[in-house]
Amino acid sequence: MIHKFDVLVLGAGAAGLFCAIEAGRRGRRVAVLERSERAGKKILISGGGRCNFTNIHCRPDNFFSANEHFAKSALSRYTPADFIALVEKHGIAYHEKTLGQLFCDRSAQLITDMLETECRAAGVRIFLDCRIREVRRQTQFIVRTESEEFHAPAVVVATGGLSIPKMGATAFGYELARQFGLKIVATRPGLVPLLLGGKDFNRYRDLAGVSAEVVATTNHHSFREKMLITHRGLSGPAILQISSYWDKGQSIQIDLAPGREIAPAIRSAKVRNMAAARSAFLGVLPKRFADRWLEANKPASWTNEALAALEKRIHGWQLSPAGTEGFEKAEVTAGGVDTDELSSKTMESRKVPGLFFIGEVVDVTGHLGGFNFQWAWASGAAAGRSV
Ligand SMILES: Cc1cc2nc3c(=O)[nH]c(=O)nc-3n(C[C@H](O)[C@H](O)[C@H](O)COP(=O)(O)OP(=O)(O)OC[C@H]3O[C@@H](n4cnc5c(N)ncnc54)[C@H](O)[C@@H]3O)c2cc1C
């Protein structure tokens with residue numbers, strides 16, 4: 001059976017659904033082809049089931065890409081305020097959790113319900129369980145699935161990245177880009193827990209579950225947020241954020257007592273010893289972690305000089321992660337379709353007219369905190385207004 005549409009959107013995730021809504025509202029006949037049995041699966045599990053759908057402090061420097069200017073145009077033309085207005089129109093209650101991050105009060109499903117309602121209102125047709133066999137371009141694009149054929153002058157690729165393969169992530173978008181001769185910036189896991197190896201792994205692994213507010217730094221990027229010790233290494237927002245900037249073989253630096261001084265309390269103690277050092281950490285780090293860290297970082301002596309060196313180590317603890325937990329645990333995929341290949345205004349390929357790429361498949365990645373969805377909405381809107 002042959003279906004004829006104006007626009008075929010491949011992937012019913014955040015970016016694909018949003019693009020379809022924008023295009024449908026403009027009177028385009030839109031079909032969304034989704035591989036899995038339901039739309040917006042990743043939205044459902046996002047933000048711990050409450051979907052951190054945007055961030056009110058969204059700025060271009062919350063994103064990284066080989067071209068740091070690329071995302072600016074789309075982000076400025078579809079802002080967090082625009083998405084919040086849509087959420088409010090649907091009566092979805094939300095709250096700011098921290099650092100401008102907006103979450104649903106109740107459930108992420110309200111966001112997928114909202115997107116599906118808007119799709120219906122815009123006349124968008126969603127085809128689920130679609131196995132795409134082939135995409136060809138003749139006078140129009142022809143997309144063949146197992147049993148059907150879809151024809152349209154425009155195809156929008158919104159098939160996401162490689163993170164969480166068990167949720168249905170595929171390399172389809174990258175393969176399609178290559179098929180049409182577009183370059184790809186090497187992909188790697190982003191917003192992902194880091195693994196500790198050797199001595200560090202053995203020293204801290206039984207503290208899994210312990211967390212502390214730290215400043216984590218690597219490659220000139222720093223984030224002040226919570227760090228969490230896991231059975232395999234380190235996680236928590238501070239670590240997830242720097243993981244996106246970390247390269248294998250590099251070290252990371254952790255300030256364990258941001259804005260606090262530990263040495264003065266040891267210097268002024270009656271007796272300068274480990275007990276005094278341990279109590280200097282009270283209220284700064286969880287006790288078990290402070291004790292364990294001190295065992296491994298015992299000052300060479302208790303002189304003022306040695307205490308100054310200890311203070312320095314507390315604010316610049318050096319660790320060399322053994323790796324990351326990979327795409328299985330990564331929240332996003334960094335890298336992707338090279339932005340040099342795309343128009344920043346419309347997301348259309350410069351080489352292949354009518355072929356668009358949006359969302360996570362593009363080499364634009366956000367920080368933790370609602371920025372990746374804001375990119376999905378904004379890039380989806382940019383393409384949806386143009387197709
Ligand atoms: C556990 C987790 C929690 C997250 N929480 C947040 C959060 O709270 N806030 C935030 O901003 N970001 C969050 N993210 C990141 C965010 O989910 C993604 O950045 C966003 O979903 C990307 O949107 P997308 O539409 O590009 O891709 P996706 O949402 O991944 O959608 C891609 C769609 O394409 C479909 N597809 C794949 N291959 C094919 C194919 N061959 N044919 C047809 N369809 C195909 C997939 O099934 C999927 O439905 C989270 C990610 C994870 C993994």
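Whatever order the structure lists ligands and atoms in, that order sets their numbers, starting from 1. Starting from 1, each residue takes its place in the sequence as its number. Every heavy atom of this structure was used, including side-chain atoms; hydrogens, water molecules and symmetry mates were not.
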Thr112 side-chain N/O to Gln109 backbone N/O, donor-acceptor pair under 3.5 Å: yes
Contact atoms of ligand 1, heavy-atom distance to Gly13 under 4.0 Å: 25 (O), 29 (O), 31 (O), 33 (C), 49 (O)
Co-membership, hydrophobic cluster, residues Val7 and Ile126, 4.5 Å side-chain: yes
Gly47, any N or O under 3.5 Å of ligand 1 N or O: yes
Contact atoms of ligand 1, heavy-atom distance to Glu360 under 4.0 Å: 18 (C), 19 (O), 20 (C), 22 (C), 26 (O)
Short N or O distance, Cys130 and ligand 1, threshold 3.5 Å exclusive: no
Residue Glu305 excluded, over 12 heavy atoms near CD under 6.0 Å: no
Closest approach of any protein heavy atom to atom 27 (O) of ligand 1, naming residue and atom: Gly160 CA, 3.4 Å
Structural part of Lys42 in contact with ligand 1, heavy atom criterion under 4.0 angstrom: side chain
side-chain hydrogen bond (donor to acceptor under 3.5 Å, both in side chains) contacts touching residues 262-271 (sequence neighbours left out): none
Atom indices of ligand 1, in the order listed, that fall short of 4.0 Å to a heavy atom of Gly359: 26 (O)
Heavy atoms from other residues, nucleotides or ligands near CD of Glu68 exceed 12 (cutoff 6.0 Å): no
Identity and separation of the nearest protein heavy atom to atom 6 (C) of ligand 1: Ser46 CB, 3.7 Å
Within 6.0 Å of NZ in Lys329, more than 12 heavy atoms from elsewhere: no
Contacts of type side-chain hydrogen bond (donor to acceptor under 3.5 Å, both in side chains), residue His220, not counting sequence neighbours: none
Ligand 1 to Ala14 polar contact by distance, N or O atoms, under 3.5 Å: yes
Output field: ring centroids Phe64/Tyr245 closer than 6.0 Å: yes
Nearest neighbour in protein (non-hydrogen) for atom 25 (O) of ligand 1: Ala15 N, 2.9 Å
Ligand-side contact atoms (ligand 1) for residue partner Asn52, heavy atom cut-off under 4.0 Å: 7 (C), 8 (O), 9 (N), 10 (C), 11 (O)
N/O separation below 3.5 Å, Thr170 to ligand 1: yes
Shortest protein heavy-atom distance from atom 37 (C) of ligand 1, along with the residue and atom involved: Thr159 O, 3.4 Å
Closest to atom 13 (C) of ligand 1 among Phe373, Phe127, Phe371 (heavy-atom distance): Phe373
Side chain, backbone, both or neither: the part of Leu10 lying under 4.0 Å from ligand 1 by heavy atom: neither
Per-residue contact class, Trp375 against ligand 1 - non-hydrogen pairs under 4.0 Å: neither
4.0 Å heavy-atom contact, Glu331 with ligand 1: yes
Within the 6.0 Å centroid threshold, strictly below: Tyr204 and Trp317: yes
Aromatic contact, Phe103 with Tyr94 (centres under 6.0 Å): no
Candidate list Phe63, Phe223, Phe373, test ring-ring contact (aromatic ring centres under 6.0 Å, His included), partner His367, passing option: Phe223
Top protein contact for atom 48 (C) of ligand 1, by heavy-atom distance: Glu34 OE1, 3.5 Å
Taking every non-hydrogen atom, the tightest pair across Thr54 and Gln374: OG1-OE1, 2.6 Å
Contact partition for Phe172 relative to ligand 1, non-hydrogen atoms under 4.0 Å: side chain
Atoms of ligand 1 close to Ile164 [distance to a heavy atom under 4.0 angstrom, numbered from 1]: 53 (C)
Side chain, backbone, both or neither: Ile132 near ligand 1, heavy atoms under 4.0 Å: side chain
Protein residue, atom and distance nearest to atom 43 (C) of ligand 1, heavy-atom basis: Arg35 N, 3.3 Å
Ligand-side contact atoms (ligand 1) for residue partner Leu33, heavy atom cut-off under 4.0 Å: 43 (C), 44 (N)
Test of proximity, Ala376 against ligand 1: N or O pairs below 3.5 Å: no
Proximal atoms of ligand 1 relative to Ile45 (non-hydrogen, under 4.0 Å): 1 (C)
Any Ala158 heavy atom less than 4.0 Å from ligand 1: yes
Identified side-chain contact (heavy atoms from CB on, under 4.5 Å) counterpart of Asn372 within the set Asn52, Leu191, Asn62: Leu191
Aromatic ring proximity, centroids under 6.0 angstrom, Phe127 and His3: yes
Where ligand 1 meets Asn372 - atom numbers and elements under 4.0 angstrom, heavy-atom basis: 11 (O), 12 (N), 19 (O)
Validation row, ring centre Trp377 to ring centre Tyr78 under 6.0 Å: no
Distance-only side-chain donor-acceptor flag, Glu96 / Gln101, under 3.5 Å: no
